[in-house]
Amino acid sequence: MGGRTIRGCASRLPAGRHPVADPRAVRAGPARRRVGRLPSARHRLAPVLEPRRMTRTRIAPSPTGDPHVGTAYQALLNYGFARQRGGAFILRIEDTDQARSKRAFETAILRSLRWLGLAWDEGPDVGGPFAPYRQSDRLDSYREVAEGLLRDGRAYRDYADGEGGAFAIRLRTPTSGRIALPDRLRAGLSKDWESVDDPVLLKSDGFPTYHLANVVDDHRMEISDVIRGEEWIASLPKHLLLYEALGWEPPAFWHVPLLRNNDRNRSKLSKRRSPTSLDFYRDAGFLPEALVNFLGMLVWTRASGEEKFSLEEFVARFDLASISVAGAVFDTGKLAWLNGRYLREDYDPVGIAALLRRWRYDDRTLEQAAALAQPRMKTLGDFGPLTAHFFADETPLDPALLARGRDASEVAEWLLLAEWALEGLDDFTEAAVHAALRGVAESVGVKLGPFTRPLYLAISGSAASTPLFGSMVLLGSSMTRMRLRRARAALGGVSRKRQKKLRARRSTA
RNA sequence: GUCCCCAUCGUCUAGUGGCCCAGGACGUCGCCCUUUCACGGCGAAAACACGGGUUCGAGUCCCGUUGGGGACGCCA
């Protein structure tokens with residue numbers, strides 16, 4: 001953990017000589033703070049009345065994991081805001097984490113957002129006037145900006161963590177004073193510079209950090225409104241300082257509340273606690289219009305109280321300035337109710353049949369299911385029961401059956417390790433799944449047969465069913481992992497502490 | 001721990017100083033409909049976190065407390 005702070009480092013400018021970051025910065029001092037206080041959130045700043053420039057918003061996902069409902073939620077707000085003002089909605093890929101970014105994730109994210117109907121005007125796939133829209137394709141521009149900052153003395157080199165002569169470039173932040181943080185959803189925010197560390201701008205591998213890349217791109221792509229999660233409020237001073245140092249006018253910032261887990265603490269939505277993958281919702285049989293409606297419902301309701309509305313209506317009527325700033329719980333129960341309404345009210349039986357064909361009852365899926373079921377069929381009538389789990393969201397789980405005499409916590413660990421192994425797979429093929437699971441079985445010292453028994457039950461809900469690996473592939477990665485997770489939970493789960501230990505052991509292996 | 005944010009039924013919300021002994025929806029419970037289960041209909045329980053102010057009047061404004069969340073990475 002070296003290299004973190006820099007407070008008191010010789011390379012800093014003396015505090016007094018440092019330019020104040022923002023003309024709107026307020027002076028330090030407790031008395032001053034109170035007097036200058038703006039009205040609270042109830043009296044929010046009115047939205048800009050005379051937009052001097054075109055409204056341009058963006059969603060900037062990082063391709064480091066499965067497409068996330070949080071990304072869809074952010075995308076919806078950005079999309080809606082831009083559309084209702086006749087502006088443009090941009091999709092930009094923030095793949096500046098070389099270790100974790102994968103092109104497969106990017107592809108999946110684009111596919112999911114398209115599935116939801118949140119079409120972008122500019123993006124890596126459709127191009128646009130500010131191409132390229134993938135940050136790894138614009139590395140030169142960040143380096144150039146960082147070096148300019150270096151020359152101006154606004155940034156400095158940090159050799160702390162680099163290998164050889166490699167260095168990172170950090171931004172020099174003031175050590176005293178207080179900066180006002182303009183936010184369209186909360187009036188009167190501010191923060192002491194003393195609590196802001198010098199952020200890394202350019203990593204020693206030559207890639208920019210989020211701080212640099214988002215500022216450079218938002219400016220160059222002429223983003224007018226940055227609508228992002230409130231988790232970014234703490235780093236707003238860094239971003240504002242960058243805009244100031246670069247002589248650029250910052251966009252308007254809207255820090256929207258985070259989606260929460262449906263647990264006691266309402267922590268930030270995480271896959272630990274509830275399904276977060278958009279692929280999962282698609283595979284479980286949720287309709288894109290219901291999911292979008294649900295996400296919109298979390299921040300806006302019609303005067304009539306009717307909670308079902310189309311994307312078009314949401315775009316036309318929702319008011320970003322008046323959304324609730326308290327984070328909403330992502331309640332899958334209510335989502336399911338809404339989805340049911342769409343199924344009942346918007347389709348006739350013919351329409352439902354078409355929906356089903358598009359979902360999983362297509363020839364290809366049926367043929368693959370047939371290949372898995374055929375050896376076990378005596379009559380065509382066996383097909384239904386044998387393959388029911390392919391056309392279902394949840395399967396029945398019996399903890400006693402899952403553990404089958406073994407220690408429940410041990411089996412839960414197997415399921416966790418299996419989930420992790422499958423998570424890392426680039427190609428979700430039968431051979432890859434087989435190899436991954438055999439690896440896990442070996443690592444826990446159990447033969448593949450007994451190891452996979454609980455997995456059969458988790459996947460199919462039955463001990464007599466289709467072959468495991470082929471079933472997993474047909475179900476898809478997202479649904480497969482969800483079933484393993486649900487089975488693990490049914491067995492009592494694996495403690496956090498134990499997970500940490502397993503993870504450590506796994507990374508050394 | 002430090003800094004920042006937030007606070008109406010279990011959950012999503014309406015409420016922008018009098019229309020609120022707080023309205024709607026999900027969930028829960030009861031009844032009705034019905035060959036089952038759903039759907040649908042009707043009804044019930046269920047909230048302004050607490051304490052101080054300001055005001056003729058506070059869920060609504062201010063302060064504090066408590067609670068919760070977020071950030072504190074060469075992740076985003």
Side-chain angles (χ1 to χ4, degrees), chain A residues 1-5 34 37 39-44 60-65 68 70-71 93-101 135 157-163 166-170 178 181 183 185-186 188-214 228-238 255-269 294-308 321-338 340-341 343-345:
Chain A
M1 303 260 130
R4 213 180 109 218
T5 296
R34 277 184 205 174
R37 191 141 191 140
S40 80
R42 279 287 173 189
H43 291 171
R44 282 180 203 117
S62 176
T64 53
H68 199 280
T71 303
I93 295 295
E94 307 227 338
D95 57 344
T96 55
D97 183 339
Q98 284 201 80
R100 295 196 301 145
S101 293
Q135 292 184 329
R157 293 187 173 90
D158 178 2
Y159 292 88
D161 266 12
E163 286 168 28
F167 58 86
I169 296 179
R170 281 184 193 269
R178 198 169 171 85
L181 305 175
D183 181 285
L185 296 176
R186 302 163 191 76
L189 301 192
S190 62
K191 193 166 167 67
D192 281 321
W193 276 116
E194 198 186 351
S195 66
V196 181
D197 287 339
D198 290 359
V200 165
L201 262 22
L202 206 67
K203 305 178 232 179
S204 52
D205 66 358
F207 275 57
T209 58
Y210 172 85
H211 302 303
L212 210 219
N214 101 83
R228 63 187 358 174
E230 66 181 356
E231 59 201 315
W232 293 109
I233 291 176
S235 35
L236 223 205
K238 299 170 181 176
H255 290 97
V256 300
L258 264 19
L259 259 23
R260 311 290 189 93
N261 284 316
N262 192 7
D263 60 12
R264 197 184 189 81
N265 289 341
R266 308 161 57 94
S267 50
K268 178 163 112 174
L269 188 65
F294 177 70
L295 257 11
M297 194 165 91
L298 261 22
V299 298
W300 177 74
T301 34
R302 285 209 295 218
S304 71
E306 173 57 273
E307 290 174 300
K308 186 176 170 222
S322 67
I323 67 170
S324 165
V325 285
V329 169
F330 189 87
D331 179 0
T332 50
K334 192 157 185 178
L335 168 62
W337 162 78
L338 226 208
R341 276 194 67 184
L343 254 21
R344 270 176 258 121
E345 299 171 9

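In what follows, every heavy atom counts, from backbone to side chain, and hydrogens, waters and symmetry copies are set aside. By convention in this document, chain letters (A, B, ...) are assigned in the order of the sequence lines, proteins followed by strands, and residues within each chain are numbered from 1.
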Discussion item. Do A:Ile93 and A:Ser101 have side chains that approach each other closer than 4.5 Å (heavy atoms only, starting at C-beta)?
Written reply: no
Response to the item:
CG (A:Asp158) and CG (A:Leu201) are apart, to the nearest 0.5 Å, by 12.0 Å
Worksheet item: Taking all atoms of both residues into account, what is the closest heavy-atom pair of A:Asn262 and A:Phe330, and its distance?
Response: CB-O, 4.4 Å
Worksheet entry | N or O in side chain of A:Arg302 less than 4.0 angstrom from B:A14 OP1/OP2 | no
Item to complete: Kindly state which residues belonging to residues 262-269 of chain A come within less than 4.0 angstrom of RNA chain B, counting heavy atoms of the residue only, listed by number.
Response: A:Asn265, A:Arg266, A:Ser267, A:Lys268
Worksheet item: Between B:A76, B:C12, B:C5, which nucleotide gets closest to the side-chain atoms of A:Tyr210?
Response: B:A76
Fill in: P-based separation of B:G53 from B:A58 [nearest Å]
12 Å
Worksheet item: In the strands shown, is B:C37 matched to any nucleotide by a Watson-Crick or G-U wobble pair with both distances under 3.5 Å, and which?
Response: none
Discussion item. Checking contacts here: which listed nucleotide (B:C74, B:C4, B:U13) is nearest the side-chain heavy atoms of A:Lys203?
Written reply: B:C74
Response to the item:
Which of B:A7, B:C3, B:C12 is nearest the side chain of A:Val325? It is B:A7
Worksheet, complete the sentence: Pairing partner of B:C72, by Watson-Crick or G-U wobble and under 3.5 Å for both distances, is B:G1
Discussion item. Whole angstroms only, please: what is the CD1-C1' distance between A:Ile233 and B:C72?
Written reply: 14 Å
Fill in: For atom CE of A:Met297 and atom C1' of B:A14, their distance in whole Å
14 Å
Check nucleotides 25-33 of chain B for protein N or O atoms closer than 3.5 Å to its own N or O atoms and list the pairs.
residue : atom : partner  : partner atom : Å
B:A25   : O4'  : A:Glu307 : OE1          : 3.3
B:A25   : O2'  : A:Glu307 : OE1          : 2.3
B:A25   : N3   : A:Lys334 : NZ           : 2.9

Worksheet entry | Of the listed nucleotides B:A71, B:A14, B:C72, the one nearest the side chain of A:Ala234 | B:A71
Discussion item. Taking B:C26 as the reference, what is the distance to B:A38 when you measure between their P atoms (whole Å, please)?
Written reply: 16 Å
Item to complete: Look only at the side chain of A:Arg228 and the backbone of A:Ala60, and say whether a donor-acceptor pair between them is shorter than 3.5 Å.
Response: no
Worksheet item: Are the side chain of A:Lys191 and the backbone of A:Ile233 linked by a donor-acceptor contact shorter than 3.5 Å?
Response: no
Worksheet entry | Same-atom distance (P) from B:G10 to B:A46, integer angstrom | 10 Å
Practice prompt. Give a yes/no answer on whether the side chain of A:Lys238 brings an N or O atom under 4.0 Å of OP1 or OP2 in B:C72.
Written response: no
Worksheet item: Taking CG from A:Leu338 and P from B:U13, how many angstroms apart are they, rounded to a whole number?
Response: 14 Å
Worksheet entry | Whole-Å gap separating P (B:A76) and CD1 (A:Ile93) | 14 Å
Worksheet item: Using purine N1 to pyrimidine N3 plus N6-O4 or O6-N4 for Watson-Crick, or N1-O2 and O6-N3 for G-U wobble, each under 3.5 Å, what pairs with B:U60?
Response: none
Item to complete: For the pair A:Arg170 (side chain) and A:Asp198 (backbone), establish whether a donor and an acceptor sit closer than 3.5 Å, ignoring hydrogens and angles.
Response: yes
Discussion item. Tell me the interatomic distance from A:Arg157, atom CZ, to B:C74, atom C1', rounded to whole angstroms.
Written reply: 16 Å
Item to complete: Sticking with atom C1', work out how far B:G68 lies from B:U11, rounded to a whole angstrom.
Response: 15 Å
Item to complete: List in chain and number order the residues that pass salt bridge (charged side-chain N to carboxylate O under 4.0 Å, His left out) with A:Arg100, two or more places apart in sequence or in another chain; answer none if no residue qualifies.
Response: A:Asp97
Worksheet entry | B:G30 versus B:C50 - spacing of their P atoms, nearest Å | 31 Å
Worksheet item: Under a 3.5 Å cut-off for both distances, is B:A7 Watson-Crick or wobble paired, and to whom?
Response: B:U66
Discussion item. Under a 3.5 Å distance rule, please check whether A:Thr209 uses its side chain to pair with a backbone N or O of A:Val200 as donor and acceptor.
Written reply: yes
Discussion item. Which nucleotide wins on minimum distance to the side chain of A:Arg178, given the candidates B:C4, B:C75, B:U13?
Written reply: B:C4
Fill in: Nearest-Å distance for atom pair CD/P, residues A:Glu230 and B:G70
9 Å
Worksheet item: Looking only at atom P, what distance separates B:A71 and B:A25, rounded to whole Å?
Response: 36 Å
Item to complete: Look at the rings of A:Tyr210 and A:Trp232 and say which category their plane angle falls in: under 30° parallel, 30 to 60° tilted, over 60° perpendicular.
Response: parallel
Fill in: Any donor-acceptor N/O pair under 3.5 Å between B:C74 base and A:Ser204 side chain
yes
Worksheet item: Do any N or O atoms from the side chain of A:Asp183 and from the backbone of A:His255 form a donor-acceptor pair under 3.5 angstrom?
Response: yes
Worksheet entry | Nucleotide forming a Watson-Crick or wobble pair with B:C20, both distances under 3.5 Å | none
Discussion item. How many whole angstroms separate atom CZ of A:Arg186 from atom P of B:C3?
Written reply: 19 Å
Worksheet item: Starting at the 5' end of RNA chain B, which residue's closest nucleotide do you reach first, A:Phe330 or A:Glu306?
Response: A:Phe330
Fill in: Base partner of B:A44, which must satisfy Watson-Crick or wobble distances under 3.5 Å
B:U28
Discussion item. Does a side-chain N or O of A:Ser235 approach OP1 or OP2 of B:C72 to a distance below 4.0 Å, or not?
Written reply: no
Practice prompt. Please determine, for the side chain of A:Ala326, which listed nucleotide (B:A7, B:C12, B:C4) has the closest atom?
Written response: B:A7
Worksheet entry | Separation between the P atoms of B:C9 and B:G23, rounded to whole Å | 14 Å
Worksheet entry | Between P of B:C75 and CZ of A:Arg228, the distance in whole Å | 18 Å
Worksheet item: Roughly how far apart, to the nearest Å, are B:G70 and B:A76 at atom C1'?
Response: 14 Å
Response to the item:
dist A:Glu306:CD -> A:Met297:CE (nearest 0.5 Å) comes out at 10.0 Å
Worksheet item: What's the closest nucleotide to the A:Thr301 side chain, out of B:C72, B:U13, B:C75?
Response: B:U13
Worksheet item: Are A:Glu307 and A:Lys334 ion-paired here, with the side-chain N under 4.0 Å from a carboxylate O?
Response: yes
Worksheet entry | From B:C39, B:A76, B:C75, nucleotide with atom closest to A:Arg100 side chain | B:C75
Fill in: Side chain of A:Glu231 (C-beta onward), nearest among B:C6, B:C4, B:G70
B:G70
Practice prompt. Measure from the side-chain N and O atoms of A:Asp192 to the backbone N and O of A:Glu194, and report whether any donor-acceptor pair falls under 3.5 Å.
Written response: no
Worksheet item: Looking at B:C74, B:G40, B:G68, which one has an atom nearest to any side-chain atom of A:Val200?
Response: B:C74
